[in-house]
Engineer: 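Right, I'll just put the structure down here and ask away after.
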2 protein chains.
Amino acid sequence: MFDTIEIKEVKQELGFLVKALRKQRGLSQIQLAKSLDVSRTTIQNLELGKNFTVDTIFKVLKEMDLLSQLNSEILQAKNHVINSKSMY
Amino acid sequence: MFDTIEIKEVKQELGFLVKALRKQRGLSQIQLAKSLDVSRTTIQNLELGKNFTVDTIFKVLKEMDLLSQLNSEILQAKNHVINSKSMY
DNA sequence: CATAAATGACCATTATAATGTTCAATATAG
DNA sequence: CTATATTGAACATTATAATGGTCATTTATG
């Protein structure tokens with residue numbers, strides 16, 4: 001019913017987002033990698049939708065000033081769970 | 001200025017969210033792990049805010065019917081980048 | 001156009017996430 | 001309370017993400 005979307009597709013979309021954010025700031029993969037203290041290969045794999053760790057994507061989001069927003073949405077989702085009765 | 005929040009803290013919050021979602025559905029770590037085809041240790045590390053891969057958290061979000069929502073927010077963020085002029 | 005910069009791809013090595021197990025501490029149920 | 005289930009912790013092993021390098025292709029620049 002819900003979430004027929006594939007994990008692979010979401011990873012690819014996330015990669016496209018990172019690439020767009022990076023280009024918006026006029027950074028090359030090497031420049032971004034250095035500022036995050038990761039390798040260019042890691043940035044490349046992230047942008048191409050391969051598997052990667054939350055540390056990697058969170059470093060990017062923090063650099064792009066999006067980490068606080070994500071945290072807020074996590075807290076919001078958590079409160080939603082707490083305030084709703086279980087249907088299970 | 002922005003995003004003084006720490007990566008470690010966001011990982012912990014994400015772990016709390018997963019734990020809340022799991023308990024809402026009345027599942028044990030073992031039950032969730034089996035349904036996602038991962039080990040209990042992986043679920044445990046996720047809930048305790050250790051490092052983990054996007055595959056792991058995306059499997060959880062898909063099981064909890066939250067993956068489509070995340071994908072929508074990624075697309076929204078991407079469109080926001082595209083439609084805004086670069087300040088850099 | 002020519003030249004330089006950036007990216008995608010590939011590969012060997014290293015670091016670490018994932019697995020599977022055991023055990024003590026907690027929480028839950030009877 | 002007692003018994004059972006669940007969870008946090010620690011560990012060795014395995015799988016794989018991260019690294020650093022090269023090279024061909026693509027993209028930007030003069």
Side-chain angles (χ1 to χ4, degrees), chain A residues 6-64 66-67 70 74 78 81-82 85-88, chain B residues 6-64 67 70 74 78 81-82 84-88:
Chain A
E6 296 296 334
I7 289 172
K8 186 177 179 181
E9 187 182 340
V10 181
K11 284 194 293 185
Q12 287 174 341
E13 289 298 341
L14 190 52
F16 293 150
L17 170 61
V18 169
K19 189 168 189 170
L21 288 166
R22 175 175 62 77
K23 288 198 168 297
Q24 184 185 40
R25 285 160 176 73
L27 299 173
S28 66
Q29 291 180 347
I30 291 180
Q31 289 174 318
L32 178 59
K34 281 189 176 177
S35 69
L36 301 183
D37 197 33
V38 299
S39 68
R40 182 176 79 91
T41 308
T42 295
I43 299 297
Q44 186 178 330
N45 286 336
L46 166 51
E47 292 188 358
L48 296 178
K50 306 279 181 70
N51 199 14
F52 49 91
T53 64
V54 286
D55 270 346
T56 297
I57 183 61
F58 281 6
K59 281 183 184 177
V60 173
L61 294 181
K62 183 170 182 176
E63 178 80 9
M64 307 304 186
L66 290 172
L67 190 58
L70 175 61
I74 291 172
K78 198 173 60 174
V81 173
I82 292 172
K85 303 281 186 185
S86 172
M87 302 179 295
Y88 302 85
Chain B
E6 296 296 335
I7 290 172
K8 187 177 179 181
E9 187 182 340
V10 182
K11 284 194 292 185
Q12 287 173 341
E13 289 298 341
L14 190 52
F16 293 150
L17 171 61
V18 169
K19 188 169 189 170
L21 288 165
R22 175 175 62 78
K23 287 197 169 299
Q24 184 186 40
R25 286 160 175 74
L27 299 173
S28 66
Q29 292 180 345
I30 291 179
Q31 288 173 319
L32 179 59
K34 281 190 176 177
S35 70
L36 301 182
D37 197 33
V38 300
S39 68
R40 182 176 79 90
T41 307
T42 295
I43 299 297
Q44 185 179 329
N45 286 336
L46 166 51
E47 291 188 358
L48 296 178
K50 306 280 183 67
N51 199 12
F52 48 91
T53 63
V54 286
D55 270 346
T56 297
I57 183 61
F58 282 5
K59 281 182 184 178
V60 172
L61 293 181
K62 182 168 182 176
E63 177 80 9
M64 307 305 186
L67 190 59
L70 175 62
I74 290 172
K78 198 173 62 175
V81 173
I82 293 173
S84 68
K85 303 280 186 185
S86 173
M87 302 180 295
Y88 303 86

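No experiment lies behind these values; they were computed from the predicted model shown. All chains are named by letter (A, B, ...) in the order of the sequence lines, taking the proteins before the strands, and each is independently numbered beginning at 1.
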Engineer: Would you indicate what B/Q29 reaches in the nucleic acid, counting non-hydrogen atoms under 4.0 angstrom: base, sugar-phosphate, or nothing?
Structural biologist: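 Sugar-phosphate, backbone atoms only, no base.
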Engineer: Report yes if a side-chain nitrogen or oxygen of A/K59 is closer than 4.0 Å to either non-bridging phosphate oxygen (OP1 or OP2) of D/dA18; otherwise report no.
Structural biologist: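 No, no such contact exists.
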Engineer: Rounded to whole Å, please give me the gap between CG in A/N51 and C1' in D/dA15.
Structural biologist: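 Interatomic distance, CG of A/N51 to C1' of D/dA15: 12 Å.
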Engineer: Any donor and acceptor pair, going by atom type alone, linking the side chain of A/R40 with main-chain N or O of A/I30 inside 3.5 Å?
Structural biologist: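 Absent.
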Engineer: Please tell me which of the listed nucleotides, C/dT7, D/dG8, D/dT19, lies nearest to the side chain of A/S39?
Structural biologist: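 Side chain of A/S39 sits closest to D/dT19.
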Engineer: Which part of the nucleic acid, if any, lies within reach of B/L48 when heavy atoms closer than 4.0 Å are counted: base, sugar-phosphate only, or nothing?
Structural biologist: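 Touches sugar-phosphate only.
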Engineer: Does a side-chain N or O from B/K23 land closer than 4.0 Å to OP1 or OP2 of D/dT7, or not?
Structural biologist: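 B/K23 to D/dT7 OP1/OP2: side-chain N or O found under 4.0 Å.
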Engineer: Give me the atom names and distance for the closest heavy-atom approach of A/L36 to A/E63.
Structural biologist: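 Looks like CD2-CB, 3.6 Å.
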Engineer: Rounded off to whole Å, could you give me the CG-to-C1' distance for the A/D55 and D/dT16 pair?
Structural biologist: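 Going from A/D55 (CG) to D/dT16 (C1'), I get 16 Å.
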Engineer: Think B/K34 has a side-chain N or O under 4.0 angstrom from the OP1 or OP2 of C/dT19?
Structural biologist: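 No, outside the criterion.
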Engineer: Starting at atom CD of B/Q44, determine the distance to atom C1' of C/dA24, rounded to an integer number of angstrom.
Structural biologist: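 Atom CD in B/Q44 sits about 13 Å away from atom C1' in C/dA24.
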Engineer: For the side chain of A/T53, counting heavy atoms from C-beta on, which of C/dG8, C/dT19, D/dA17 is nearest?
Structural biologist: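 In terms of side-chain proximity for A/T53, the closest of C/dG8, C/dT19, D/dA17 is D/dA17.
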Engineer: Given C/dA18, D/dG8, D/dT6, which nucleotide is nearest the side-chain atoms of B/T42?
Structural biologist: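 In terms of side-chain proximity for B/T42, the closest of C/dA18, D/dG8, D/dT6 is C/dA18.
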Engineer: Look at the side chain of A/R40 against the base of D/dG21 and say whether a donor-acceptor pair falls under 3.5 Å; ignore hydrogens and angles.
Structural biologist: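 No.
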Engineer: Quickly work out the B/I57 CD1 to D/dA17 P distance and round it to whole Å.
Structural biologist: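 Going from B/I57 (CD1) to D/dA17 (P), I get 16 Å.
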Engineer: What is the separation between atom CZ on B/R22 and atom C1' on D/dA5, rounded to the nearest whole Å?
Structural biologist: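 Distance check: B/R22 CZ to D/dA5 C1' gives 12 Å.
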Engineer: Please report, rounded to the nearest Å, how far the P atom of D/dA18 is from the CZ atom of A/F52.
Structural biologist: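 Checked: the CZ to P distance equals 8 Å.
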Engineer: Could you tell me which non-hydrogen atom of B/L48 sits nearest to which non-hydrogen atom of B/Q12, and how far apart they are?
Structural biologist: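 Of all heavy-atom pairs spanning B/L48 and B/Q12, the closest is O-CG, 4.5 Å.
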Engineer: Which pair of non-hydrogen atoms, one from A/V81 and one from B/A20, has the smallest distance, and what is that distance?
Structural biologist: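 Smallest heavy-atom distance, with atoms named: CG1-O, 3.6 Å.
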Engineer: Can you find a pair of side-chain heavy atoms, one from B/R22 and one from B/E47, that are under 4.5 Å apart?
Structural biologist: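 Sidechains of B/E47 and B/R22: in contact.
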Engineer: Please report, rounded to the nearest Å, how far the P atom of D/dT6 is from the CG atom of B/L32.
Structural biologist: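 Whole-Å distance recorded here is 13 Å.
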Engineer: Considering only C/dA17, C/dA6, C/dT19, which nucleotide approaches the side chain of A/S28 most closely?
Structural biologist: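 Of all the options, the side chain of A/S28 is nearest to C/dA6.
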Engineer: What is the distance, rounded to the nearest whole Å, between atom CD1 of B/I30 and atom P of C/dT28?
Structural biologist: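 For the pair B/I30 CD1 and C/dT28 P, the rounded distance is 16 Å.
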Engineer: For B/T41, answer base if it contacts any base atom (sugar-phosphate contacts may also be present), sugar-phosphate if it contacts only those atoms, and nothing otherwise; contact means non-hydrogen atoms under 4.0 Å.
Structural biologist: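 If one applies the 4.0 Å heavy-atom cut-off, B/T41 turns out to touch a base.
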